[in-house]
Each structure stands twice: as C-alpha cells, then as structure tokens.
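Notes for the one structure printed next.
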Amino acid sequence: MSRAQQNRTGRARLAPAVVGLGLALALAGCGAGQITQTDSMLPAVNGVEAGQGAVVLRDAAIAYPEGGSYKSGADAPLVLTIVNTGANADKLTSVTTPVAASATITGNTDLPGGFALAVGTPGVDVPGGAGTSTSASASATSAPGSSSAAPSSGASSAPSTTSGAPSSAALPLGQIRVVLTGVNTKLVPGETYPVTFVFANAGQVTAQLPIAAPSSPRTESEHGEHEG
C-alpha cells in the first residue's frame, strides 16, 4: 500500500472518533452552565417567609378554598407559623390587608421568647370560596393587662378588626385563627396578595401571600374558572 493510501485510511478511521469526542464535549458544556429549559423552572412553594426583628413568618399563605378561588365578599383564612426567635416576649396585635374589609383574630396572640404560634391548619381546604363566612365567631383575644391596639407608627392604612372580647371558639395555647373578612376582589391561585402583621415590639411585617396548594389535585372546573 502506498503512503497516500495509508493516509486516507487513517483519516477515515479518525473521523468517527472526532465526531464522538465533539458530542461528548458538547454534552459536558450543557452540564457546565449552559441554559436549559429546566434552569428556568422554579420549585413549588406552599408559602412564603418574611420577618422583622426577632419575629419570623414561615410558610405563610391564604388557605386553599374548595371552589378554587375566593369571590368578592368571601372570608379567607390564613395558614402560617409565627415564630419568636428572640428571648423577649412579643404579641400579634393586628392584621391588615388592602384586599379585604378587615381581618379577625381568634385565640391568644401572646408570643413569648422562643415560642411559635400556629395559624390555621396546613393542608386543609376550606369552604367559603363562594362568599360564605368562615369566621362568624372570630375576634381578637387580648392577654390580661395588655392592649390590643396596633402601634401608631408605620401601621398600614388598610382596615383591621381587633377586639378585647373573649372568643366563643376556644383554641389551644399556641394556636390562633386569622381570617381576612369581606374580600373585596377575586383571589385566585398563582397571584400574591399583601398582608401586614403588626406586633407590639417587632413592628409590622408585610408579606406577599399566595393561595396555598390544594390538598388534592385540582378539578377541570377549577382550572377553567382560574383561566376565565
């Protein structure tokens, strides 16, 4: 075999190897920072976190309604955990939002140092999406000798409802209920709504609350209602 023939044969054998090496390098490049479709996908989050001073709101959301959305006039319960990470005691004094006429609080809102308040029941769908009340007996309960009035500095201009009268629905220590009453706009999954929590010492914490994920897959009618 002549030298020219040997060269042509060698090049023919190298071609598949070069192609394979190029493909491997291209795949390595994708794994090393190239933008892919999954890079832009965010993980599903059931609630948000926000804080002010020693007080932290965790997994905060509006409870998922059985009908898939809250219509104007409905009452919308909140679901979250309020944690006092400091050593000094605090107290939830009011809740306000521009998307509801008022907010009602049921239960003892004292927040000792290193203590957590459970608000609502996570993972439970609630009635009320069609405008029926879910908080007929809800009112704020104050600890003896303490004031339920919100601080005057920095408080939200949105209305809130607080009262020193004892609630007719007793809740265990460490558990309270917060309900946005008289929703003035349709609340739907996929959107967030500002809710401000006012504390005696930490001040106010405003969080953009989503509607919580449903406890079971949404029905076709719920999908259609949200799209409309």
Side-chain angles (χ1 to χ4, degrees), residues 46-63 75-122 126 133-184 187 192-210 212:
N46 197 42
V48 298
E49 182 170 319
Q52 172 67 28
V55 173
V56 179
L57 313 179
R58 293 178 177 166
D59 295 327
I62 301 170
D75 293 347
L78 303 186
V79 181
L80 68 147
T81 302
I82 304 174
V83 183
N84 184 355
T85 63
N88 297 324
D90 210 328
K91 181 183 182 68
L92 175 66
T93 59
S94 67
V95 176
T96 65
T97 178
V99 300
S102 61
T104 59
I105 306 173
T106 305
N108 190 331
T109 61
D110 286 339
L111 198 59
F115 190 74
L117 283 175
V119 182
T121 306
V126 299
S133 174
T134 59
S135 58
S137 61
S139 63
T141 303
S142 300
S146 64
S147 171
S148 63
S152 59
S153 59
S156 170
S157 59
S160 64
T161 298
T162 55
S163 169
S167 169
S168 59
L171 293 173
L173 183 65
Q175 182 178 348
I176 65 174
R177 183 181 299 113
V178 179
V179 180
L180 308 182
T181 58
V183 168
N184 55 36
L187 307 184
T192 60
Y193 306 93
V195 179
T196 298
F197 301 78
V198 183
F199 297 89
N201 297 325
Q204 67 179 38
V205 183
T206 300
Q208 293 287 336
L209 302 192

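Just so it is clear, the values below take in all heavy atoms, side chains as well, and ignore hydrogens, waters and symmetry mates.
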For this session: Quick one: closest heavy-atom pair of T81 and A116, and the distance?
Result: CG2-CB, 4.1 Å
Exercise. At their closest point, which heavy atom of P194 faces which heavy atom of T206, and how far apart are they?
Worked result: CB-CG2, 4.5 Å
Exercise. Between T93 and V198, is there a donor-acceptor pair closer than 3.5 Å when you use the side chain of the first and the backbone of the second?
Worked result: yes
Exercise. Does L209 reach the side chain of T192, with side-chain heavy atoms less than 4.5 Å apart?
Worked result: no
Seminar exercise, completed: Nearest heavy-atom contact between L180 and A100 is CB-CB, 3.9 Å
Problem set entry | Separation between CG of D110 and CG of L173, rounded to the nearest 0.5 Å | 8.5 Å
Exercise. What pair of heavy atoms forms the shortest contact from Q52 to V205, and how long is it?
Worked result: CB-CG2, 3.2 Å
Exercise. Sub-3.5 Å donor-acceptor pair from the side chain of D90 to the main-chain atoms of F199, do we have one?
Worked result: no
Exercise. Taking the side chain as C-beta and beyond, is there a heavy-atom pair between V195 and V95 under 4.5 Å?
Worked result: yes
Exercise. Does L111 reach the side chain of K91, with side-chain heavy atoms less than 4.5 Å apart?
Worked result: no
For this session: Indicate yes or no for a side-chain donor-acceptor contact from T109 to the backbone of L92 under 3.5 Å, with no hydrogens or angles considered.
Result: yes
Problem set entry | side chain to side chain contact (heavy atoms under 4.5 Å, CB included) between T106 and I176, worked out | CA-CA 6 Å; T106 305; I176 65 174; over 6 Å; no
Problem set entry | Heavy-atom pair of closest approach, residues T181 and A103 | OG1-N, 4.1 Å
Seminar exercise, completed: Between P210 and V48, the two heavy atoms sitting closest are CD-CG1, 3.9 Å
Exercise. What's the spacing between R177 CZ and T104 OG1 if we round to 0.5 Å?
Worked result: 8.5 Å
Exercise. Any side-chain heavy-atom pair from I62 and L78 closer than 4.5 angstrom?
Worked result: yes
Problem set entry | Any side-chain heavy-atom pair of V55 and I82 under 4.5 Å | yes
Exercise. Should we count CG of N88 as having more than 12 external heavy atoms under 6.0 Å?
Worked result: no
Problem set entry | Side chain to side chain, F197 and L80, heavy atoms closer than 4.5 Å | yes
Exercise. For the side chain of D59 and the backbone of V79, is there at least one donor-acceptor N/O pair under 3.5 Å apart?
Worked result: no
